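Some notes on the structure that comes next.
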Amino acid sequence: MSTTSNLIQFRLNGEPVARQVEAYNTLVEVVRDCGLHGARESCGQGLCGCCTVVVDGKAVTGCIYPAMHANGCDVATIEGVEQDGQLDPVQQAFIDAGAFQCGFCTPGFILMARQLLDQNPDPSEHEIRHYLAGNLCRCGAYPEIVKAVKLAGDRIRAGATNI
C-alpha cells in the first residue's frame, strides 16, 4: 500500500519540530497536533482567521495552508508571542481594552494586529479595519479590537517591544 505521507521539519515558536504528515493535512492540524491549541479551525475555508499562524513572517490561514509547505520554515503561533512570561504589547492591549468576549477569534486577531503594527506602528482606524478584515469576530467586539490595536501601537511607539 502506497502512502502520501512525508516527513516535514520546521521551527515552531523557535523550537525544531519533525512531523509525518499526509498530503491533505493542514498546518493548523499539525500545529494543534503539536499541542498548541491557540490557532483554531473554525470555517475550514480560510475565511474567518481563527486559524491564523505566521509562516516565515507572514500570516497565513492555517486551515487551508498545506502542512507540507511549512517544511523548512519558521512557524509562529499565539503561544510564541509572549516572551519570558511577559505579554506582547498587543496581548496586553487586548486585555486592557476588553477586546475579546468569548476569545475564540482573539489569537488570530492578535497575530494579525502584531503584523500590522510591525509594518505600520501608527495605523488609522480605517487601516486597522482594512488590515483585519479577514478576521471575523462572531461576538462583535470590533470596536474594542480597534481600540486595542491603537493602544498597542501607542505603547509600541513609546518603547514597548517584547516581540
Side-chain angles (χ1 to χ4, degrees), residues 2-95 99-100 102-121 123 127-128 131-137 145 148-149 151-153 155-157 159-163:
S2 69
T3 179
T4 57
S5 85
N6 289 296
L7 178 67
I8 63 169
Q9 298 178 349
F10 58 100
R11 293 183 65 80
L12 181 58
N13 296 327
E15 298 295 322
V17 171
R19 282 286 193 266
Q20 198 72 32
V21 299
E22 303 292 332
Y24 56 81
N25 286 132
T26 65
L27 186 54
V28 74
E29 291 173 326
V30 172
V31 166
R32 292 180 65 83
D33 185 53
C34 291
L36 302 179
H37 298 109
R40 299 172 175 119
E41 185 168 352
S42 182
C43 72
Q45 300 175 12
L47 300 175
C48 72
C50 290
C51 60
T52 300
V53 295
V54 178
V55 177
D56 285 342
K58 183 177 182 203
V60 301
T61 49
C63 71
I64 59 171
Y65 192 92
M68 288 188 187
H69 288 191
N71 190 34
C73 295
D74 287 311
V75 177
T77 67
I78 192 67
E79 290 89 349
V81 173
E82 65 90 16
Q83 300 288 316
D84 301 322
Q86 293 286 327
L87 295 178
D88 182 80
V90 178
Q91 291 175 303
Q92 188 62 56
F94 267 66
I95 292 169
F100 53 91
C102 78
F104 196 83
C105 65
T106 305
F109 271 106
I110 288 175
L111 290 174
M112 289 300 292
R114 185 65 212 202
Q115 190 164 347
L116 168 63
L117 294 170
D118 287 345
Q119 296 170 14
N120 176 6
E127 290 168 322
I128 294 168
Y131 201 86
L132 299 179
N135 291 70
L136 302 178
C137 172
I145 291 169
V149 176
L151 179 60
R155 291 177 177 169
I156 290 168
R157 287 192 313 280
T161 56
N162 199 33
I163 190 165

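In this text, all values refer to a predicted model and were calculated from it rather than measured experimentally.
Note that CZ of R157 and CG of L117 are 8.5 Å apart. Values are rounded to the nearest 0.5 Å. Put simply, CG on D88 and CD on Q91 are 5.5 Å apart, with the number rounded to the nearest 0.5 Å. Atom CG of residue L47 and atom SG of residue C63 lie 7.5 Å apart, to the nearest 0.5 angstrom. The line from OG1 of T106 to CG of N135 is 10.5 Å long, rounded to the nearest 0.5 Å. If you take CD on Q119 and CD on E127, they are separated by 11.0 Å, rounding to the nearest 0.5 Å.
Here the closest non-hydrogen pair linking V149 and P123 is CG1-CG, 4.5 Å. Of all the heavy atoms in F10 and A70, the pair that sits closest is CB-O, 3.3 Å. Closest heavy-atom contact between F100 and I95: CE2-CA, 3.9 Å. Summarising the geometry of G38 relative to I78, their closest heavy-atom pair is CA-CG2, 3.6 Å, with the distance given to 0.1 Å. For the pair M112 and Y131, the tightest heavy-atom approach, listed with the atom from each and the gap, is O-CE2, 3.4 Å. Nearest heavy-atom pair across P89 and A152 is O-CB, 3.8 Å.
Looking at heavy atoms from C-beta onward, C34 lies in side-chain contact with V17 at the 4.5 angstrom threshold. Side chains of C50 and F104 form a contact here, defined as non-hydrogen atoms less than 4.5 Å apart. Between V28 and V53, every side-chain heavy-atom pair lies at or beyond the 4.5 Å cut-off. Two residues are said to be in side-chain contact when any heavy atoms from C-beta on lie closer than 4.5 Å; F109 and V90 fail this criterion. Using a 4.5 Å cut-off on side-chain heavy atoms (C-beta onward), I64 and T26 make no contact.
Every pair passing side-chain hydrogen bond (donor to acceptor under 3.5 Å, both in side chains) that includes a residue from residues 32-59 is listed here, sequence neighbours excluded: R19-D33. Sorted by first and then second residue, the pairs that involve residues 60-79 and meet side-chain hydrogen bond (donor to acceptor under 3.5 Å, both in side chains), not counting sequence neighbours, are N13-T77, T77-E79.
Every residue two or more places apart in sequence or in another chain that forms a side chain to side chain contact (heavy atoms under 4.5 Å, CB included) with A67 is listed here: I8, V21, N25, V30. Residues that satisfy the side chain to side chain contact (heavy atoms under 4.5 Å, CB included) test with R155, not counting sequence neighbours, are Q92, A93, D96, L151, A160. Here R11 pairs with nothing under the side-chain hydrogen bond (donor to acceptor under 3.5 Å, both in side chains) rule; sequence neighbours left out. Scanning for side chain to side chain contact (heavy atoms under 4.5 Å, CB included) contacts around A18 gives L7, Q9, with sequence neighbours left out.
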